[in-house]
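Please read these numbers as outputs of a predicted model, since none were measured by experiment. Both counts, for ligands and for their atoms, begin at 1 and track the order of listing.
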Amino acid sequence: MSLRATTGLLLALGAVLTAALAFEPRLRSVAFWQQLASPGELSAAHADLAADCAACHVPMQGSIAARCIVCHANDERLLQSQPTAFHATVSSCRECHPEHRGSGQLVSTMDHSALVAIGLKELMRSADPEQRQFADAIAALGGGGASARRLALAVGEAALHCAACHATVDPHLGLFGSECSDCHGTKAWAVTEYRHPAARSRDCAQCHQAPPSHYMMHFEMISAKVARKPHARVEQCYECHRITSWNDIPGIGRYKHH
Ligand code: HEC
Ligand code: HEC
Ligand code: HEC
Ligand code: HEC
Ligand code: HEC
Ligand code: HEC
Ligand code: HEC
């Protein structure tokens, strides 16, 4: 199975673990948790739970996620938004939502490698031998110490299907394909070494898709008139646009849409 095809599965797996645990009063034993010191103050969002350790912890079991899900399973905004829809199946929470760091801590951080690590763990537990083999192969890269582990995660990260979560912010409107990681990292979209082609370029349409209105009556009746280029064809972006901003029409400046 190819790296990319298999990692598509990373996200699909884990539904089993995310099934909310039934509420068990027996386990919400205050005494058990009072024996443990809290490692630190909770985040402001969870301050109300400071005296209820068992809201998030199940004595003797590591599974924090099941507790989180009891309260957060139905966050519509989260599940319906493309980049965060993975919350429907992800099986662990603490990597991106750490706790006990005080009231000023960030509640959410996006850790793409954690996402890969969680997916790999799922694959290793999978019933499908081929999937387990794949997971072992990636994990083996991490066998030789910290930097090799980082390499394993970097390999996994590169195999994430970026467009599945980020197509909505693609400013290239699909013209550059869906392999975002060919050009982008996971920390910031900016590509610091990138230099835009010069303003005298005539290849604008190779890298830019015009808005739908340019393929309608609007183009002849408004756009071409505003730009005073009645004969320019849509592909000739350079006739009417500059490279500074799409809304910086030569001789007009910022065009105000009524
Ligand atoms: C809102 C959920 C929440 C509540 C309430 C909560 N914790 Fe935690 N706790 C967590 C999370 C999440 C972690 C993992 C933190 C991390 O990895 O940064 C954690 C980690 C810990 C750890 C370290 C061991 C481990 O599993 O990583 C201890 C010990 C702990 N909590 C004790 C407590 C005690 C005692 C209380 C009650 C005073 C408490 N917690 C209340 C969410 C919670
Ligand atoms: C007993 C219910 C309960 C549990 C258990 C719980 N939460 Fe929460 N959580 C809340 C409430 C209530 C808020 C505040 C929501 C708000 O202000 O709209 C909150 C806020 C949050 C926020 C920030 C959302 C915001 O609006 O700022 C995140 C992220 C979050 N929880 C994740 C987790 C994770 C991860 C766990 C498990 C470690 C967890 N929660 C456990 C009830 C819970
Ligand atoms: C790989 C990282 C990652 C994992 C794992 C993860 N989350 Fe999140 N989560 C995020 C990010 C990033 C956001 C903020 C998204 C945004 O603001 O658009 C978020 C947002 C949330 C919010 C809404 C916070 C808000 O501001 O409204 C809740 C609730 C939440 N996560 C709960 C969970 C629970 C429960 C789990 C475990 C089942 C979990 N998350 C696992 C990355 C993660
Ligand atoms: C399972 C969903 C998912 C996948 C797959 C994914 N991301 Fe993300 N990514 C997120 C979430 C959630 C955030 C934080 C919230 C946001 O910015 O939308 C984020 C944030 C980012 C950011 C930071 C954005 C900013 O402005 O701070 C970059 C850059 C990024 N991702 C790039 C990538 C790349 C490149 C890939 C492929 C290697 C990728 N992501 C794969 C969900 C995903
Ligand atoms: C062939 C290389 C290439 C591919 C593939 C590619 N991009 Fe880009 N992208 C760029 C370059 C170059 C820039 C300009 C970066 C800059 O100015 O720092 C850019 C800019 C961006 C920006 C705006 C950054 C900013 O600072 O405003 C976002 C968001 C973005 N790309 C998302 C994506 C997404 C999502 C995908 C995949 C669906 C993708 N890109 C695929 C090369 C690429
Ligand atoms: C080789 C590819 C390429 C060519 C050719 C190209 N561009 Fe770009 N252009 C990009 C990338 C990548 C970005 C950054 C991502 C984005 O905003 O679309 C960008 C950004 C822009 C922006 C947005 C600036 C902003 O921040 O709002 C404008 C306007 C623009 N280009 C106009 C042009 C024009 C006009 C031409 C022709 C004279 C042209 N481009 C030729 C790749 C190209
Ligand atoms: C004949 C002149 C002309 C040509 C050719 C042209 N445009 Fe435009 N375009 C305009 C004018 C005028 C506007 C602003 C008014 C409007 O929306 O009609 C505009 C608006 C836009 C906007 C929306 C700006 C905003 O912020 O709403 C984008 C994006 C854009 N053009 C991209 C392109 C691209 C890409 C091409 C080439 C493939 C192109 N245009 C070709 C005249 C032109």
Side-chain angles (χ1 to χ4, degrees), residues 3-21 43-46 49 55-58 62-99 105-122 153-197 201 203-204 206-209 243-246:
L3 200 61
R4 199 169 292 275
T6 317
T7 42
L9 286 163
L10 294 183
L11 302 175
L13 291 165
V16 185
L17 280 178
T18 55
L21 276 192
S43 59
H46 290 136
L49 301 175
C56 296
H57 294 281
V58 184
S63 171
I64 293 176
R67 290 298 180 183
C68 312
I69 290 164
V70 168
C71 294
H72 290 295
N74 299 318
D75 192 325
E76 301 257 310
R77 192 189 66 84
L78 203 59
L79 299 178
Q80 287 173 7
S81 157
Q82 190 191 22
T84 52
F86 71 87
H87 278 83
T89 52
V90 80
S91 63
S92 184
C93 316
R94 57 191 295 171
E95 293 83 351
C96 305
H97 301 290
E99 264 301 345
Q105 74 172 43
L106 275 180
V107 215
S108 313
T109 57
M110 181 58 200
D111 185 338
H112 289 81
S113 356
L115 193 62
V116 174
I118 294 167
L120 278 178
K121 246 187 246 164
E122 294 296 314
L153 288 177
V155 168
E157 216 179 72
L160 281 176
H161 185 29
C162 320
C165 294
H166 292 301
T168 49
V169 296
D170 179 5
H172 324 299
L173 302 175
L175 277 182
F176 289 2
S178 60
E179 306 294 334
C180 321
S181 56
D182 285 355
C183 308
H184 292 288
T186 54
K187 299 280 177 271
W189 290 112
V191 183
T192 42
E193 67 274 26
Y194 184 70
R195 294 287 168 273
H196 191 275
S201 163
D203 298 330
C204 320
Q206 186 186 306
C207 303
H208 293 290
Q209 169 80 54
I243 62 174
T244 45
S245 156
W246 293 111

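- Under 4.0 angstrom from ligand 5, the non-hydrogen atoms of C180 come from both its backbone and its side chain.
- The shortest separation from a heavy atom of V191 to ligand 5 is under 4.0 Å, placing the residue in contact.
- Within the 2.8 Å limit, H112 places at least one N, O or S atom next to atom 8 (Fe) of ligand 4.
- Heavy-atom proximity to atom 1 (C) of ligand 3, evaluated over S91, C96, A45, is greatest for C96.
- Atom NE2 is the N, O or S atom of H87 at the shortest distance from atom 8 (Fe) of ligand 3.
- Contact analysis puts A188 in contact with ligand 4, with a non-hydrogen atom separation below 4.0 angstrom.
- Proximity of F176 to ligand 5, defined as any heavy-atom pair under 4.0 Å, is shared by backbone and side chain alike.
- Here's the thing with S178: none of its N/O atoms is less than 3.5 angstrom from an N/O atom of ligand 5.
- Contact annotation: S81 has no heavy atom less than 4.0 Å from any atom of ligand 4.
- Nearest residue to atom 34 (C) of ligand 3 from C93, S113, A114 is C93 (criterion: closest heavy atom).
- The contact set between ligand 3 and D75, taken as ligand atoms under 4.0 Å from a residue heavy atom, comprises 23 (C), 29 (C).
- Put simply, C162 stays out of reach of atom 8 (Fe) of ligand 4, with no N, O or S atom under 2.8 Å from it.
- No heavy atom of A167 sits closer than 4.0 Å to any atom of ligand 5.
- Under 4.0 angstrom from ligand 5, there are no non-hydrogen atoms of H196.
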